[in-house]
Amino acid sequence: MSYTDVEFMICQAARLLEDNKTVFVGWGMPQVVALLAERLYTPNITQVFEFGAIGPQSRTPFLRGTMGGPQNTYRSLQWCSMGLAFSYAQAGYIDYGMLGAAQIDKYGNINSTMIGDDYERPKVRFPGSGGGNEVASYCWKTIIVMNHEKRRFVERCDFVTSPGHVMDGKTREEYGLPKGTGPWRVITSKAMFDFDEETKVMRLIAVREGLSVDDVVNDMGFRPVIADDIKVLEPPTEEELRILRDEIDPYRLVIGK
Amino acid sequence: MSYTDVEFMICQAARLLEDNKTVFVGWGMPQVVALLAERLYTPNITQVFEFGAIGPQSRTPFLRGTMGGPQNTYRSLQWCSMGLAFSYAQAGYIDYGMLGAAQIDKYGNINSTMIGDDYERPKVRFPGSGGGNEVASYCWKTIIVMNHEKRRFVERCDFVTSPGHVMDGKTREEYGLPKGTGPWRVITSKAMFDFDEETKVMRLIAVREGLSVDDVVNDMGFRPVIADDIKVLEPPTEEELRILRDEIDPYRLVIGK
Amino acid sequence: MEILEKGDAEFYFMDPDDFREYVRDRKNRNWEDKLMDESEAVRKFVDDGDYLAYDFSSLTRGPQSLIREIIRQRKKHLWICAKFTLLESVLLAGAGCVDRIDVGFLGFGPYIARKVQNGEVKVYDWSNGSITYRLIAGAMGIPFIPARDLLGTDTFKKSGALAVEDPFTGKPVALMPALNPDVAIIHVQEADIYGNARVYGPTVATLETAMASKKVIISAERIVETIEFRKEPNMTIIPYYLVDAVVHAPFGAYPGGTQGYYEMDSEHYLMLSSIREEEDMQRYLEEYIYSVDSHEEFLEKRIGVRKLKELVRKAQILEGYR
Amino acid sequence: MEILEKGDAEFYFMDPDDFREYVRDRKNRNWEDKLMDESEAVRKFVDDGDYLAYDFSSLTRGPQSLIREIIRQRKKHLWICAKFTLLESVLLAGAGCVDRIDVGFLGFGPYIARKVQNGEVKVYDWSNGSITYRLIAGAMGIPFIPARDLLGTDTFKKSGALAVEDPFTGKPVALMPALNPDVAIIHVQEADIYGNARVYGPTVATLETAMASKKVIISAERIVETIEFRKEPNMTIIPYYLVDAVVHAPFGAYPGGTQGYYEMDSEHYLMLSSIREEEDMQRYLEEYIYSVDSHEEFLEKRIGVRKLKELVRKAQILEGYR
């Protein structure tokens with residue numbers, strides 16, 4: 001069964017979540033990941049939305065326009081303020097977070113702000129942090145999901161929007177970020193990475209079926225650590241694809257066509 | 001018509017409140033003051049209770065036990081948290097506050113914590129600040145209501161619980177307290193005081209009917225400034241007493257017997 | 001408490017003492033009828049050069065009729081607080097109302113991106129969390145809130161935050177300066193004529209924004225009697241003394257939705273969000289905003305009862321919204 | 001940011017990193033049945049030497065059945081957070097459970113005063129506001145909150161607050177260190193078996209106390225199904241993942257009242273608050289606490305159905321409480 005890159009990444013991410021945990025869910029792809037996980041793997045996961053919805057039983061199909069609306073926040077445990085949602089995260093109550101990235105460096109620093117040398121006159125301007133900086137700062141385990149393109153893996157992000165493990169020679173704890181947090185996994189359209197415990201450098205741990213380590217690494221702007229034992233990422237199952245396509249995102253707003 | 005000292009003070013305080021303003025209301029006497037003012041002078045005053053009730057239409061008769069209960073918080077505009085109630089005050093939304101005092105000094109510093117030289121082994125221990133420190137720190141105009149006894153008017157309070165205009169030689173603004181706040185009136189069983197604009201020292205502005213300036217000042221542990229024009233405080237009216245006794249506090253829990 | 005690092009951006013800040021004085025002298029504790037239409041409210045309470053905050057988003061319970069009125073009155077040189085925003089910043093920038101944007105979330109699309117790339121609008125990067133904390137500090141009447149976001153990023157460097165050594169732990173912590181906007185516009189489901197208001201659903205920063213702002217305009221799907229608030233005081237989010245104007249604005253969040261009332265108009269939203277060229281934007285503004293006099297005329301002549309009825313029909317989930 | 005002045009009291013403080021780690025490892029995000037009786041909850045979650053917080057007051061929605069159980073189990077060396085408290089501190093001090101009290105409001109009466117005068121319990125003076133801010137900081141996961149109370153008083157000097165020069169205004173401001181209690185006991189009107197809970201009426205510091213505390217015991221007048229929270233999510237005050245134990249405790253606030261359920265027992269309250277002598281206190285504790293095994297036995301044998309019925313009859317105001 002064929003599948004899109006996005007479907008591939010969504011399924012990998014959904015399989016990483018744990019049941020009976022909390023997950024900070026942002027706009028778009030993370031919503032679909034959480035919905036898929038909830039249907040198949042983690043029925044008791046508690047979704048947290050920054051605008052103030054805790055533990056909804058979101059309706060499907062996924063509609064982009066319902067962010068914050070009745071479908072998306074259906075039967076939440078709590079509707080609250082953004083300040084409270086971020087406080088849950090800052091106080092340590094949120095286990096998982098999910099983020100996209102326009103650029104990433106080997107320590108997991110993320111750019112979602114701008115491309116170019118001149119902050120005042122960027123070549124390309126993106127929406128900026130949103131709640132992404134808080135996800136990366138506060139959640140215990142942050143999962144980064146992004147297309148695998150060489151230009152996205154850089155030595156130094158043009159702009160570090162959200163913190164990785166080490167920036168400009170200083171660790172995140174030295175900057176004052178909460179202990180024991182930081183990027184945990186990077187899922188791309190070609191591979192999965194974690195971070196070396198000692199050096200905090202991104203480490204390749206698994207590749208997509210049919211790809212070699214070189215296929216992955218040649219498409220990166222820096223060289224990651226390579227784990228001793230490289231696993232193969234199982235492709236999306238029929239069940240995953242059926243639920244994604246038929247139940248969660250029949251309009252293919254996120255999973256693509 | 002005869003009346004108690006407490007009835008006298010309640011009526012003086014109630015007449016000081018302005019309509020269409022907010023007032024921070026504490027336990028006991030301030031509640032009765034606010035109720036009397038609401039009935040007779042300031043029908044549109046908004047009471048704020050620290051535990052999180054804004055704008056109740058409190059039921060009478062006053063029952064001491066109903067602090068926070070259904071009678072006291074009846075038909076509030078908002079039930080909220082203590083944090084929010086104090087935030088309204090800190091952000092400048094609360095016009096009036098009312099406080100009692102075991103001791104007061106000439107700058108309006110208040111003691112409601114302890115009597116004695118040794119904080120660790122006080123001669124008499126009181127309940128402490130409660131929300132009194134916040135009332136005195138944040139409200140625009142604080143009214144202090146207390147029995148007129150010589151030992152209560154002291155050169156230096158044994159313990160300054162809530163701030164006056166000047167403490168130990170420094171003004172309240174120098175300590176970082178909000179600009180333009182501070183004790184506004186002191187009502188006792190014998191007189192009324194404000195604070196000299198320049199020196200910030202307590203100033204006698206009115207005396208109870210039948211009393212002389214000396215009667216008042218001789219019963220104080222320090223000498224207040226004496227205003228040029230000393231007014232006479234009108235005694236409680238029949239209407240005030242009727243409402244106090246028949247409607248608000250028929251069990252005489254606050255007004256005394 | 002040593003200052004360790006300092007963001008280099010200018011930021012909008014008011015000494016809490018000055019905000020307090022404004023609140024004392026200008027915030028109205030009178031019980032008076034504040035009901036007026038969008039035109040009057042914006043004329044009276046939005047000034048050129050104001051720092052403007054709004055709440056929730058283009059998709060849900062955003063104050064869109066007020067945004068359109070600000071554009072219609074061609075307000076200039078606004079500095080906006082673009083937290084969790086999509087189309088508001090795009091429209092305000094497209095209409096030339098905005099010079100500066102605190103981001104938050106800028107709103108997406110190449111149209112607004114180009115305005116930044118060109119230098120037509122200046123952005124200051126924060127994050128949804130740090131801007132929320134700034135509003136919380138403004139609402140609490142304190143000069144800053146310490147928090148542990150922004151640290152170790154370029155976002156920090158381009159913000160107005162400070163990092164200091166926390167005297168209690170000895171570790172670095174960021175200080176987010178209080179934000180007290182000049183004016184806030186907030187859409188709610190229910191308000192009374194005095195400004196008491198409540199929302200159903202996520203409350204975002206509704207209360208903090210209203211408390212922290214000097215001038216507050218509330219638009220409401222329904223105007224209800226004050227007794228409705230007194231009967232369920234736990235649900236009141238904004239007490240009347242925070243509010244300057246109340247606008248009765250049915251479909252006030254259109255093209256977004258309002259929970260319990262109507263769903264968003266996805267077609268209109270898509271049409272708007274796919275605008276790329278200046279010309280198309282100006283055509284949109286002309287057709288939907290400048291060429292109509294009021295929110296009522298906009299609904300009647302540009303959207304139509306049939307469409308509105310359809311959006312109401314789609315909003316079938318009422319649980320929790322009344 | 002220069003430190004200008006420093007209160008000299010010891011204060012209970014946890015590095016936010018340590019609190020976070022506790023939350024990660026020990027706070028339960030499982031959906032599991034946490035229902036148990038007072039005896040089990042206190043045995044499992046209140047330890048000798050704990051810092052204990054509770055919410056609201058002896059008069060209204062206070063967690064009195066849990067306070068009595070703590071006394072019955074003769075817990076020792078507690079440090080209590082006596083904000084807006086009356087009889088709780090008196091009873092806990094009378095029973096010898098308490099060494100240290102953060103005040104707030106101590107509770108009145110010469111009995112507790114004498115305990116302080118004698119040095120039997122040590123007090124640290126704060127205020128209701130500063131203690132609330134400390135809990136808010138603890139709940140937000142930040143090390144402190146700046147605020148403008150306590151300044152210019154002896155309360156400040158005897159507290160654990162600092163005064164620093166605010167880097168944004170150059171003026172002095174107080175910093176209140178975060179408070180993360182070891183255990184919180186909170187009485188609510190409705191909870192489910194997982195710990196989702198809501199209160200009606202003023203919310204005091206219910207949420208902040210639950211968020212900031214390592215262990216949380218909820219007692220509830222009613223146990224309801226989870227769907228009751230999902231149908232009205234704006235009313236949920238505590239989500240289940242903050243909570244360790246849920247106790248079904250009808251009349252749990254007795255001799256105080258609980259809005260929508262029963263009024264306080266003024267006679268019992270007066271009897272208790274007029275205790276002056278150690279002997280009378282010990283007699284009270286023996287009769288009403290030590291000599292009964294449980295809250296149920298207390299209600300049945302010491303209070304009686306007739307009295308409970310009378311208190312329910314008096315609670316006729318339901319508006320806003322359901």
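- Only the side chain of A:Tyr74 comes within contact range of chain C, with at least one heavy atom under 4.5 Å from a heavy atom of that chain.
- When atom types are taken as modelled, the side chain of C:Ser127 and the backbone of A:Gly131 share no donor-acceptor pair closer than 3.5 angstrom.
- Between C:Lys122 and A:Glu120 the shortest side-chain heavy-atom distance falls below 4.5 Å.
- Comparing C:Thr258, C:Asp149, C:Leu106 by heavy-atom pairs within less than 4.5 Å of chain A, the highest count is held by C:Asp149.
- In this structure, no portion of A:Arg172 lies under 4.5 Å from any heavy atom of chain C.
- Using a 4.5 Å cut-off between heavy atoms, C:Val103 touches chain A through its side chain atoms alone.
- With a 4.5 Å cut-off on side-chain heavy atoms, A:Tyr175 and C:Leu150 do not count as touching.
- Listed in order of number, the residues of residues 88-96 of chain A that approach chain C to under 4.5 Å between heavy atoms are A:Gln90.
- Contact annotation for C:Glu165: neither backbone nor side-chain heavy atoms come within less than 4.5 Å of a heavy atom of chain A.
- With contacts defined as side-chain heavy-atom distances shorter than 4.5 Å, the pair C:Ser130/A:Asn133 does not qualify.
- With hydrogens and angles ignored, the 3.5 Å screen pairs a side-chain donor or acceptor of C:Thr155 with a backbone N or O of A:Thr161.
- For a residue to count as touching a neighbouring chain, one of its non-hydrogen atoms must lie under 4.5 Å from one of that chain's; by this rule A:Asp118 does not touch chain C.
- C:Thr132 contributes atom OG1, which lies 7.5 Å from atom CD of A:Glu134 (distance to the nearest 0.5 angstrom).
- Contact check for C:Pro202 versus A:Phe49: no side-chain heavy atoms found under the 4.5 Å cut-off.
- Contact check for A:Pro70 versus C:Glu319: no side-chain heavy atoms found under the 4.5 Å cut-off.
- Note: C:Thr153 OG1 to A:Asn111 CG = 11.0 Å, rounded to the nearest 0.5 Å.
- Residue C:Lys115: no heavy atom, backbone or side chain, is found under 4.5 Å from chain A.
- Atom CE of A:Met114 and atom CD of C:Gln117 lie 9.5 Å apart (nearest 0.5 Å).
- Only the side chain of A:Tyr119 comes within contact range of chain C, judged by heavy atoms closer than 4.5 Å.
- Only the side chain of C:Glu208 comes within less than 4.5 Å of a heavy atom in chain A; its backbone stays farther off.
- Only the side chain of A:Thr113 comes within contact range of chain C, with heavy atoms under 4.5 Å apart.
- Proximity to chain A (any heavy atom under 4.5 Å) is shown, for C:Ala174, by neither the backbone nor the side chain.
- Interface residue C:Asn118: only backbone heavy atoms are found under 4.5 Å from chain A.
- Between C:Leu151 and A:Pro163 there is no side-chain heavy-atom pair separated by less than 4.5 Å.
- Residue contact with chain A, scored on non-hydrogen atoms closer than 4.5 Å, is absent for C:Phe156.
- Ring geometry for A:Phe51 against C:Phe56 counts as tilted: the plane angle lies between 30° and 60°, on a 0 to 90° scale.
- For the set C:Ala113, C:Gly152, C:Gly109, C:Pro110, the entry with the most heavy-atom pairs within less than 4.5 Å of chain A is C:Gly152.
- Only the backbone of A:Glu174 has a heavy atom closer than 4.5 Å to any heavy atom of chain C.
- Contact tally against chain A (heavy-atom pairs below 4.5 Å) for C:Gly257, C:Gly320, C:Ala205: the top residue is C:Gly320.
- Shortest non-hydrogen contact noted between A:Arg121 and C:Gly119 is NH1-CA, 3.4 Å.
- Options C:Val123, C:Ile136, C:Leu207, C:Val173 differ in how many heavy-atom pairs under 4.5 Å they form with chain A, and the most are formed by C:Val123.
- Ranking C:Ile112, C:Asp125, C:Val116 against chain A, the residue ahead of the rest is C:Asp125, based on heavy-atom pairs under 4.5 Å.
- When heavy atoms are compared at a cutoff of 4.5 Å, A:Phe86 approaches chain C by way of both its backbone and its side chain.
- Here the CD-CG distance, from A:Glu50 to C:Asn128, works out to 4.5 Å after rounding to the nearest 0.5 Å.
- For A:Ser162, the part sitting under 4.5 Å from any heavy atom of chain C is the backbone (N, CA, C, O) and nothing else.
- Between the CG atom in A:Asp168 and the NZ atom in C:Lys157 there is a gap of 4.5 Å [rounded to 0.5 Å].
- To the nearest 0.5 Å, atoms OG (A:Ser87) and OH (C:Tyr133) are separated by 5.0 Å.
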